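Okay, so here's the structure we're looking at.
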Amino acid sequence: MKIYHNQSLKPYNTFGIAARCRQLIEIENEQEVPLLFEQKIFDSSYLIIGGGSNMLFTQDFDGTVICFRTKGIKKVAETEEHVWIEVAAGEEWADFVSFCIKNQYYGVENLVGIPGLVGSCPVQNIGAYSVEVKDVINQVYGYRIPTGEPFVLHHDDCQFAYRHSIFKSTLKGKCLISRVQFQLSKKEHYTITYQGLIEELKTRNCAITLANVSDAILTVRNRKLPDISKIGSAGSFFQNPVIEESQYEDLKVKFPQLITFPQNEGKVKLAAGQLIELSGMKGVREGDVGVYPNQALVIVNYGNATGKEVQIFYQKVQKKVAEMFGITIVPEVNIY
Ligand SMILES: Cc1cc2nc3c(=O)[nH]c(=O)nc-3n(C[C@H](O)[C@H](O)[C@H](O)COP(=O)(O)OP(=O)(O)OC[C@H]3O[C@@H](n4cnc5c(N)ncnc54)[C@H](O)[C@@H]3O)c2cc1C
């Protein structure tokens with residue numbers, strides 16, 4: 001376990017916000033977790049972070065930040081069709097995806113290129129290119145706060161939904177996720193439904209393999225998303241709004257170009273990026289904050305923006321969209 005005092009959080013969040021915290025603890029081994037409870041860390045303010053790629057710090061954090069840095073990718077069971085892999089919370093998501101591609105395990109290739117750690121992937125049920133991580137999560141292991149009691153939550157108990165899970169509702173801030181168990185397929189199968197991916201694979205005229213599909217996805221992603229080693233960002237800043245069909249029917253008259261995604265009866269999901277673009281905010285920059293010119297859903301920090309500046313800016317984007325469409329777009333990013 002490593003402990004730092006009055007620590008800058010700049011290296012701990014991909015937005016590159018220079019907030020500070022009172023104390024930061026890096027857990028390097030799962031056996032250290034009970035120490036957090038013995039030392040009563042959860043009796044005062046605390047925050048759990050992974051790779052900090054879905055966070056916006058709008059101020060300093062006067063408390064303890066806890067980060068998992070535990071490692072381990074282990075095969076725990078196997079049949080002819082499936083394999084079950086248990087992964088420590090501190091593993092980089094990217095390393096796990098590479099492991100699966102190398103071993104010809106199918107299921108996470110469409111999620112290649114998503115930053116962050118494995119321990120965070122169930123929290124917002126990460127998703128991309130028609131796949132969500134819930135499709136491959138079998139169970140999630142962790143410890144309840146404040147008791148320290150270990151738990152195992154099976155897939156069906158995680159309440160997974162679009163960018164949502166129990167870890168974002170009832171268990172938000174009330175548990176430490178220590179490991180995730182995935183069920184992957186050993187039988188060749190792909191999810192190639194996203195138009196941009198279909199076109200990229202067509203252009204390449206290559207064989208459909210795990211390596212080629214994930215490489216094509218990286219190309220498609222890189223066209224639209226900023227390189228976080230150069231420009232600060234937390235990826236898609238807003239969730240796609242889901243509205244009543246009746247509201248959509250009214251909007252359609254004025255904005256026939258609106259993109260929709262199929263939903264349950266009576267509801268329509270719109271593309272937040274398109275709403276931002278139509279509101280005129282795509283590519284707009286104010287100081288060091290802006291809407292990324294290649295993807296309107298992404299808010300970026302071009303250098304030294306403060307969290308407060310990002311907050312004022314994203315609220316302006318919300319206002320513009322609300323004025324034009326009567327829809328409040330909600331951040332997907334966790335704001336502190
Ligand atoms: C360029 C870019 C592209 C992105 N693309 C996508 C995308 O395509 N799809 C997508 O879904 N997301 C995307 N994201 C968002 C982000 O990468 C994911 O949400 C990712 O899972 C966050 O992982 P993290 O480790 O950085 O989590 P953090 O941002 O550190 O934490 C996220 C949340 O999880 C909680 N948490 C983290 N670890 C634990 C733990 N061990 N126990 C309990 N709670 C925990 C935190 O408290 C916080 O609430 C993108 C982000 C960026 C910057």
Side-chain angles (χ1 to χ4, degrees), residues 9 11-17 25-27 30 33 36 42 46-57 61 63 65-70 87-97 108 110-134 137 140-145 151 153 158 160 162-169 171-180 194 217-218 220-240 273 292 294-295 297-301 331-336:
L9 291 169
Y12 291 86
N13 72 100
T14 60
F15 238 126
I17 302 295
I25 299 179
E26 287 184 347
I27 303 287
E30 197 178 324
V33 170
L36 298 174
F42 302 105
Y46 62 89
L47 175 64
I48 305 148
I49 68 169
S53 65
N54 201 22
M55 300 251 174
L56 172 65
F57 290 104
F61 184 71
V65 171
I66 298 148
C67 315
F68 269 86
R69 294 293 178 260
T70 52
V87 188
E91 284 285 353
E92 292 283 342
W93 174 256
D95 292 343
F96 172 55
V97 174
V108 287
N110 287 26
L111 305 179
V112 68
I114 300 180
L117 305 187
V118 167
S120 325
C121 78
V123 176
Q124 75 148 2
N125 177 26
I126 57 170
Y129 303 98
S130 317
V131 170
E132 290 181 316
V133 76
K134 74 170 172 56
I137 287 181
V140 177
Y141 300 84
Y143 299 84
R144 288 186 191 274
I145 298 172
F151 71 81
L153 275 188
C158 292
F160 288 124
Y162 165 67
R163 298 294 184 274
H164 195 75
S165 74
I166 193 169
F167 309 106
K168 269 188 102 169
S169 55
L171 288 183
K172 188 176 165 73
K174 298 217 174 67
C175 75
L176 288 162
I177 297 169
S178 58
R179 273 169 293 140
V180 182
Y194 181 82
I217 286 176
L218 282 178
V220 175
R221 287 183 71 91
N222 291 341
R223 267 187 217 130
K224 289 200 284 180
L225 293 167
D227 175 351
I228 47 173
S229 67
K230 299 192 178 108
I231 301 177
S233 128
S236 300
F237 196 92
F238 298 102
Q239 292 183 21
N240 289 325
Y292 195 54
N294 297 359
Q295 167 57 279
L297 205 46
V298 176
I299 290 183
V300 288
N301 173 7
E332 175 183 305
V333 171
N334 298 281
I335 319 261
Y336 295 99

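Keep in mind that what you see is a predicted model, and the values were worked out from it rather than measured. All residue numbers in this chain count up from 1 along the given sequence. Remember, it's 1-based here, ligands and their atoms both numbered in the order they're listed.
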Could you say whether the N/O atoms of G52 and ligand 1 ever approach to under 3.5 Å?
yes
Using non-hydrogen atoms of the residue, decide whether F167 is closer than 4.0 angstrom to ligand 1.
no
Is there a heavy atom of K168 sitting under 4.0 angstrom from any atom of ligand 1?
no
The protein heavy atom nearest to atom 41 (N) of ligand 1 is I177 O, 2.9 Å
Which segment of Y336 sits under 4.0 Å of ligand 1 when only heavy atoms are counted
side chain
Would you say ligand 1 has an N or O under 3.5 Å from any N or O of A128?
no
Which protein non-hydrogen atom lies closest to atom 21 (O) of ligand 1, naming both residue and atom, and how far is it?
I126 CG2, 3.1 Å
Between I137 and P122, the two heavy atoms sitting closest are CD1-CB, 3.8 Å
Residue pair F96, E91: steps toward the side chain to side chain contact (heavy atoms under 4.5 Å, CB included) verdict
CA-CA 7 Å; F96 172 55; E91 284 285 353; 5.5 Å; no
Quick check: closest heavy atoms across A128 and R221, and the distance to 0.1 Å?
CB-NH1, 3.9 Å
Tell me which one of L56, I114, N125 gets a heavy atom nearest to atom 13 (C) of ligand 1.
I114
Give the contacting part of V123 toward ligand 1: side chain, backbone, both or neither, where contact means a heavy-atom distance below 4.0 Å.
side chain
Hey, is Y292 one of the residues with a heavy atom under 4.0 angstrom from ligand 1?
no
Would you mind listing which atoms of ligand 1 come within a distance below 4.0 Å of any non-hydrogen atom of G50?
25 (O), 28 (P), 30 (O), 37 (C), 38 (N)
With backbone taken as N, CA, C and O and side chain as the heavy atoms from C-beta onward, which portion of C175 lies under 4.0 Å from ligand 1: side chain, backbone, both, or neither?
backbone
Quick note on ligand 1: atoms under 4.0 Å from a heavy atom of G116 include exactly 23 (O), 24 (P), 25 (O), 26 (O)
What are the atoms of ligand 1, with element, lying closer than 4.0 Å to any heavy atom of F68?
41 (N)
Is the backbone of M55 close enough, under 3.5 Å, to the side chain of N13 for a donor and an acceptor to pair up by distance?
no
For atom 38 (N) of ligand 1, what is the closest protein heavy atom, and at what distance to 0.1 Å?
S120 OG, 3.4 Å
Note: ligand 1 atoms sitting under 4.0 Å from heavy atoms of G127 are 7 (C), 8 (O), 9 (N), 10 (C), 11 (O)
Return a yes/no value for L117: is any of its N or O atoms, backbone included, closer than 3.5 angstrom to an N or O of ligand 1?
yes
re atom 16 (C) of ligand 1, the protein heavy-atom contact at minimum distance is S53 OG, 3.3 Å
Within the structure, does T14 bring an N/O atom to less than 3.5 angstrom of an N/O atom in ligand 1?
no
Mind checking whether F160 and F167 have parallel, tilted or perpendicular rings, split at 30° and 60°?
tilted
As a test of understanding, state which of L153, V123, N125 forms a side-chain contact (heavy atoms from CB on, under 4.5 Å) with C158.
L153
Protein residue, atom and distance nearest to atom 39 (C) of ligand 1, heavy-atom basis:
I48 CG2, 3.5 Å
Closest heavy-atom pair, I231 versus N301, reported as atoms and distance to 0.1 Å, is CG2-O, 3.7 Å
Which atoms of ligand 1 sit under 4.0 Å from any heavy atom of L176?
42 (N)
Test side chain to side chain contact (heavy atoms under 4.5 Å, CB included) on L176 and L36; report intermediate values, then the result.
CA-CA 11 Å; L176 288 162; L36 298 174; 4.0 Å; yes
Within the side chain of R223, is there an N or O that forms a donor-acceptor pair under 3.5 Å with the backbone of N294?
no
Is there a donor-acceptor pair under 3.5 Å between the side chain of Y292 and the backbone N or O of S233?
no
F237 vs L56, side chain to side chain contact (heavy atoms under 4.5 Å, CB included): CA-CA, chis, key distance, verdict:
CA-CA 10 Å; F237 196 92; L56 172 65; 4.1 Å; yes
Looking only at protein heavy atoms, what sits closest to atom 53 (C) of ligand 1 is G235 N, 3.2 Å
Ignoring hydrogens, what is the shortest heavy-atom contact between N240 and L297? Give both atom names and the distance.
OD1-CD2, 4.3 Å
Identify the two heavy atoms, one from V333 and one from A234, that lie closest to each other, and give their separation to 0.1 Å.
CG2-CB, 3.8 Å
Record the part of I49 in heavy-atom contact with ligand 1 below 4.0 Å; permitted values are side chain, backbone, both and neither.
both
Would you mind checking which non-hydrogen protein atom is closest to atom 12 (N) of ligand 1, with the distance to 0.1 Å?
Q124 NE2, 3.1 Å
Would E30 and S178 satisfy side chain to side chain donor-acceptor pair (under 3.5 Å), going step by step from the backbone distance to the final call?
CA-CA 7 Å; E30 197 178 324; S178 58; 3.3 Å; yes
Output, in order, the C-alpha distance, side-chain angles, deciding distance and verdict of side chain to side chain contact (heavy atoms under 4.5 Å, CB included) for W93 and V108.
CA-CA 10 Å; W93 174 256; V108 287; 3.8 Å; yes
Among C67, G232, P115, which one puts a heavy atom closest to atom 20 (C) of ligand 1?
P115
Distance from atom 5 (N) of ligand 1 to nearest protein heavy atom, with residue and atom
R221 NH2, 2.9 Å
